[in-house]
> 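Please see the structure below; I have some questions.
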Number of protein chains: 2
Amino acid sequence: MYNAKAYSAASATSQLAPATIPRRDPGEHDVQIEILYCGICHSDLHQVRNEWSGFMPTVYPIVPGHEIVGRITKVGSAVTKFKPGDLAGVGCMVDSDRTCPECKAGLEQYCPNMILTYNAPDKHLGGVTYGGYSESIVVDEHFVLRVPSNLYLAGAAPLLCAGITTYSPLRHWGVTKGKKVGVVGLGGLGHIGVKLAHALGAHVVAFTTSQSKVDDALRLDADEAVVSRDASQMQKHARSFDFILDTVAADHDINAYLRLLRRDGTITLVGAPPKPLDVAAFNLIMGRRSLSGSGIGGIAETQEMLDFCGAHNITADVEVIPIQKVNEAYERLARSDVKYRFCIDMASLRSE
Amino acid sequence: MYNAKAYSAASATSQLAPATIPRRDPGEHDVQIEILYCGICHSDLHQVRNEWSGFMPTVYPIVPGHEIVGRITKVGSAVTKFKPGDLAGVGCMVDSDRTCPECKAGLEQYCPNMILTYNAPDKHLGGVTYGGYSESIVVDEHFVLRVPSNLYLAGAAPLLCAGITTYSPLRHWGVTKGKKVGVVGLGGLGHIGVKLAHALGAHVVAFTTSQSKVDDALRLDADEAVVSRDASQMQKHARSFDFILDTVAADHDINAYLRLLRRDGTITLVGAPPKPLDVAAFNLIMGRRSLSGSGIGGIAETQEMLDFCGAHNITADVEVIPIQKVNEAYERLARSDVKYRFCIDMASLRSE
């Protein structure tokens with residue numbers, strides 16, 4: 001066991017502040033990573049503030065962060081995938097049971113015994129797992145990803161959550177050339193979803209509530225941008241979409257989007273609005289449409305996504321901050337004042 | 001053109017009463033059918049009372065009925081599938097454009113120019129189409145089905161709507177041996193859904209709100225029956241269903257059923273509750289679940305369903321009534337007092 005610098009919050013109303021946390025010494029299957037960058041995901045904010053207390057209560061102190069990119073400093077004796085000096089990534093999961101049908105299908109994210117990167121039981125040290133707002137982390141190699149060396153590393157970090165969360169449903173629901181695909185919401189998830197859907201060859205329509213984001217959407221490789229509050233713009237797209245990726249975590253009218261699907265089309269939710277969505281049955285029955293959900297993605301698919309992003313040079317648009325500005329970044333994130341993801345440069349922690 | 005006896009309603013508050021309606025003389029592709037039985041579908045009641053005025057306003061007088069079984073009395077010169085004396089069925093549709101992608105895919109029910117059996121524009125005679133509460137009907141042979149001669153005809157009539165509405169989603173979502181399938185609601189649709197899912201080889205669990213229907217569910221070939229108001233019975237089935245067919249047209253808690261789906265499971269709505277359903281996003285995201293809808297089925301699949309029912313001797317459980325009791329039957333249907341479908345013996349109309 002060794003000590004590592006980190007930033008943690010002591011309660012739902014505390015600021016994130018410097019702390020020292022224990023990390024295990026690498027076991028034979030473990031990889032130790034010096035963290036270079038960690039993206040700030042909206043779920044970090046939710047959990048620091050215990051806003052998901054109903055189904056995932058926060059254990060304090062909490063060290064958030066699950067969009068981790070770094071360089072390997074040490075590997076266990078049985079590690080085969082990595083060597084010291086390699087670039088590496090860690091996303092939302094650090095363990096699972098490896099034996100259940102979900103794990104065997106490469107869908108560790110649905111394993112009933114999956115361990116999240118932070119705020120989950122830590123079987124090695126007791127207590128809970130601590131995430132990426134830290135100078136280092138130790139993770140079983142199965143849950144460590146290779147990061148293509150051509151990518152801008154600060155922009156690559158958010159791929160570990162926002163990237164796979166959007167890539168997985170795009171692939172699962174067959175998004176390819178010739179498909180018309182919508183992306184609802186142009187935030188941390190949505191802006192990567194637009195880039196990925198475009199790179200997969202689809203005709204991409206971005207939906208945003210603000211006219212001000214239309215130009216941005218087109219710059220991000222959307223083929224069209226629609227202001228969703230404009231009923232006539234929406235009507236033009238009625239019954240035309242094969243797939244719509246809905247990244248919005250606030251209340252919104254899902255029926256307006258269901259009506260845009262063609263027969264057998266699907267809307268998949270990757271954002272989780274706090275209140276239930278009102279769904280009119282006829283919008284599903286007419287055209288045999290589906291409303292689905294999807295959570296992150298498996299490890300093999302996360303690697304596939306990173307390799308795909310390497311080949312297409314796709315990264316998130318990030319605003320890089322020192323960790324000392326993390327509380328300010330949370331305030332701005334809470335009012336959606338970021339284009340499109342904050343990313344912490346962890347050098348700022350080491351020099352503290 | 002010729003006159004046929006029928007029962008029609010003159011307004012949303014009128015009783016159904018004897019009437020004379022025009023039918024076209026059979027054209028070269030048409031089949032003339034002497035109607036022997038016509039099932040009473042809940043949508044007949046909705047439309048007679050103009051309860052779907054928002055999206056399908058009723059034109060009066062209305063002659064409802066789209067669960068038609070009869071015997072062919074005349075065929076046009078170009079008809080190849082039928083000859084006089086054959087048994088025949090007509091369901092919810094009597095025409096479509098035959099040229100759109102939906103029609104070419106054998107999914108006439110999603111054709112934008114599909115013509116419903118009643119209360120839809122009649123391109124031959126003007127006005128609207130008149131349904132099966134009549135002594136005869138004339139329909140293009142493409143929309144006429146062969147009815148297996150071994151089936152009890154009064155029980156076969158409801159297959160033309162209730163049968164295909166449940167069979168189509170069971171087939172589309174891959175219900176076969178080895179799958180665990182739920183059927184929510186034990187009414188006109190649900191009771192046939194249970195029989196069909198069982199005959200397709202699935203392990204079938206019927207959900208009902210009333211303890212009194214549990215024995216009935218088992219008699220109808222359900223492997224298990226669950227009283228949905230009993231939380232502990234529901235909990236036992238958490239995360240276990242491949243597919244759930246939801247036939248309930250009243251308000252109900254869809255989240256309680258979403259939680260019963262395993263990963264990648266689907267609930268398909270074939271009933272349309274009047275108010276939107278509250279759907280919690282997390283119930284879709286956890287396990288990549290889907291909520292879908294499905295409307296009737298195509299002509300080829302309707303024939304497949306009838307042949308399947310012939311092979312497995314499946315018919316609806318019907319209470320056969322003379323047409324003179326149709327208004328009383330509507331009152332009882334409105335309070336769900338029927339096991340499980342009323343069917344009109346049209347001999348009662350001819351002898352009137």
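In the text below, chain A, chain B and the rest are named by the order of the sequence lines, each starting its count at 1.
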> Given heavy-atom pairs under 4.5 angstrom as the criterion, report whether the side chain, backbone, both or neither of A:Asp264 touches chain B.
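A:Asp264 touches chain B through side-chain heavy atoms alone.
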
> For A:Ala272 and B:Ala281, work out which heavy atoms get closest and say how close.
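Looking at all heavy atoms of both residues, the closest pair is CA-CB, 3.9 Å.
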
> Tell me which of these, A:Gln109, A:Arg289, A:His172, has more heavy-atom pairs under 4.5 Å with chain B than the rest.
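Highest number of pairs under 4.5 Å: A:His172.
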
> Any salt bridge (charged side-chain N to carboxylate O under 4.0 Å, His left out) involving residues 90-100 of chain B? Give me the pairs, sequence neighbours left out, ordered by first then second residue.
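Residue pairs with at least one partner in residues 90-100 of chain B: B:Asp95-B:Arg98, B:Asp95-B:Lys123, B:Arg98-B:Asp140.
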
> Tell me, out of B:Ile296, B:Ile254, B:Asp246, B:Ile285, who's got the most heavy-atom pairs with chain A below 4.5 Å.
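The candidate making the most pairs under 4.5 Å is B:Ile285.
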
> Can you confirm whether more than 12 heavy atoms, excluding those of B:Gln233, are under 6.0 Å from its CD atom?
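Atom CD in B:Gln233 is packed in, count exceeds 12.
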
> Enumerate the salt bridge (charged side-chain N to carboxylate O under 4.0 Å, His left out) contacts for residues 171-194 of chain A, please, sequence neighbours excluded, ordered by first and then second residue.
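Non-adjacent pairs meeting salt bridge (charged side-chain N to carboxylate O under 4.0 Å, His left out): A:Arg171-A:Glu304.
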
> Please lay out, stage by stage, how B:Asp278 and A:Asp278 fare under the test side-chain contact (heavy atoms from CB on, under 4.5 Å).
CA-CA 5 Å; B:Asp278 279 353; A:Asp278 278 354; 2.9 Å; yes

> At a heavy-atom separation under 4.5 Å, does A:Leu258 approach chain B through its side chain, its backbone, both, or neither?
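Contact with chain B is absent: no heavy atom of A:Leu258 under 4.5 Å.
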
> For a quick test of reading the model, state the closest non-hydrogen atom pair linking A:Tyr110 to B:Gly287 and the distance between them.
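Looking at all heavy atoms of both residues, the closest pair is CE2-N, 3.4 Å.
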
> Name the residue from B:Arg263, B:Arg262, B:Arg239 that meets the salt bridge (Lys or Arg N to Asp or Glu O under 4.0 Å) definition with A:Glu102.
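When B:Arg263, B:Arg262, B:Arg239 are each tested with A:Glu102, the salt bridge (Lys or Arg N to Asp or Glu O under 4.0 Å) holds only for B:Arg263.
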
